[in-house]
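What follows is one structure encoded as structure tokens, with my remarks underneath.
Chain letters run A, B, ... following the sequence lines, proteins first, then strands; residues in each count from 1.
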Protein chains: 2
Amino acid sequence: MSKRARDIQKALSASGYRITQPRRAVIEVVARARRSLSPEEILARARKIDPGVGLATVYRTLDVLQAEGHLERVRIGNRGYSLACSEKALHFHLICERCRTVTEIQSDQFSGALIAQLQAVGFESRKSAIEIIGLCAKCQSSE
Amino acid sequence: MSKRARDIQKALSASGYRITQPRRAVIEVVARARRSLSPEEILARARKIDPGVGLATVYRTLDVLQAEGHLERVRIGNRGYSLACSEKALHFHLICERCRTVTEIQSDQFSGALIAQLQAVGFESRKSAIEIIGLCAKCQSSE
DNA sequence: AAACTTAGTGAGAATCGTTCTCAACAAGAA
DNA sequence: TTCTTGTTGAGAACGATTCTCACTAAGTTT
């Protein structure tokens with residue numbers, strides 16, 4: 001089991017959630033993911049660890065992980081995708097609409113300017129991640 | 001009919017689209033909207049202008065308007081909302097998840113910082129709008 | 001270790017937003 | 001006015017997500 005998965009399990013347990021076999025499997029999959037995965041993809045991978053996992057449980061576990069701040073869901077087009085996230089305060093997700101890879105970027109300069117603007121307008125940002133859809137460098141060249 | 005609606009119709013016509021009654025109604029609704037509207041809401045309003053409009057046509061017209069750059073679609077949670085947009089190059093949508101009002105903000109400072117970052121990573125942004133979900137000033141105080 | 005409480009589960013039905021299908025219609029050109 | 005064909009409405013179809021419910025098992029209490 002990965003360290004990341006263990007940490008998440010510990011945190012969930014501390015928050016009063018039960019650590020069940022299906023949850024273990026989903027957490028392990030999400031913790032190991034190198035790109036964003038759709039719920040169906042997560043299901044397929046989780047079933048390699050625990051064959052009995054159901055799709056509903058994947059959704060439910062994703063909800064829990066999101067509520068507890070261990071994961072963010074990003075969207076590409078009309079489909080929803082799930083992504084393990086870091087704990088950085090204000091960061092951006094560059095989502096490649098072709099290969100679905102998610103690159104996180106951060107810039108203090110940018111963050112500062114944005115936060116100042118948000119305060120000026122009095123807007124309270126609840127989603128700490130900002131998503132920019134487009135094409136990553138790789139997919140641009142191979143298109 | 002609003003000036004905005006007339007302009008959009010002219011542009012669509014110039015692009016070879018037919019200006020039909022249902023389209024006229026949807027365009028009028030979108031042009032007049034002061035906040036983002038769901039397709040269902042647009043349908044309801046459009047039917048006050050042309051009672052025969054169907055939901056499919058609302059979706060189709062939204063697609064056309066988006067393709068022609070007269071509108072952007074933003075999402076709140078799992079629901080999709082539609083929004084009339086300005087023509088600014090790089091702007092942000094502050095979407096209030098409570099009242100659905102969309103505030104556009106812009107700042108050369110952070111636009112510059114962001115563009116620099118994107119170029120550094122080699123990412124090509126295809127969606128010019130960035131969406132920040134949260135609570136507007138009004139809804140914060142009345143919560 | 002056994003019993004107990006109840007959060008969590010899988011399967012499939014239900015729901016929701018969106019897209020598709022297709023015969024009928026009407027916009028705009030001739 | 002006629003003609004061509006892009007556009008339409010209704011409802012079926014679709015895909016993603018949520019719900020329902022009887023059953024299971026995690027973690028606590030004995």
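- Ranking D/dT18, C/dT19, C/dT9 by closeness to the A/Tyr59 side chain, first place goes to D/dT18.
- Interatomic distance, NZ of A/Lys48 versus CD of A/Glu28, reported as 13.5 Å (0.5 Å rounding).
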**Asked** For nucleotides 24-30 of chain D, read 5' to 3', which letter fits each nucleotide if B means a protein heavy atom sits under 4.0 Å from the base, S means only the sugar-phosphate is that close, and - means neither?
**Response** -BBS---

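- Residue-level contact check: B/Gly52 touches the backbone only, with heavy atoms under 4.0 Å from sugar-phosphate atoms and none from bases.
- For the pair B/Leu43 CG and D/dG9 C1', the computed distance is 11 Å after rounding to whole Å.
- Which of D/dT17, C/dG12, D/dA10 sits closest to the side chain of A/Leu55 comes down to D/dT17.
- Counting heavy atoms from C-beta outward, B/Ser38 and B/Glu41 have side chains that approach closer than 4.5 Å.
- A 4.5 Å side-chain heavy-atom check between B/Tyr17 and B/Val64 finds at least one atom pair inside the cut-off.
- Put simply, the side chain of B/Arg60 and the base of D/dG9 share a donor and an acceptor less than 3.5 Å apart.
- With D/dC19, D/dG9, D/dT17 as the candidates, the nucleotide lying closest to the side chain of A/Pro39 is D/dT17.
- Straight-line distance from the CG atom of B/Leu37 to the P atom of C/dG17: 15 Å, rounded to whole Å.
- Taking atom CD of A/Glu40 as the reference point, atom P of D/dA16 lies 7 Å away to the nearest angstrom.
- B/Leu43 pairs in a side-chain contact (heavy atoms from CB on, under 4.5 Å) with only one of the listed residues (B/Leu37, B/Val29, B/Val26, B/Val53), which is B/Val53.
- With rounding to whole Å, A/Asp63 atom CG is found 17 Å from C/dA7 atom P.
- Side chains of B/Ile27 and B/Leu12 form a contact here, defined as non-hydrogen atoms less than 4.5 Å apart.
- In the hydrophobic clustering of this structure, B/Tyr59 groups with B/Ile19; members are Ile, Leu, Val, Met, Phe, Trp, Tyr whose side-chain heavy atoms approach within less than 4.5 Å, directly or through other members.
- Counting to the nearest Å, the C1' atom of D/dT18 and the CG atom of A/Leu62 are 13 Å from each other.
- At the heavy-atom level, A/Arg23 lies under 4.0 Å from the strands shown only through sugar-phosphate atoms.
- Put simply, CD on B/Glu41 is 16 Å from P on C/dC16, counting in whole angstrom units.
- For the pair A/Ile42 CD1 and D/dT17 C1', the interatomic distance rounds to 14 Å; values are reported in whole Å.
- The closest donor-acceptor contact from the side chain of B/Arg23 to the backbone of B/Thr61 lies at 3.5 Å or more, if one exists at all.
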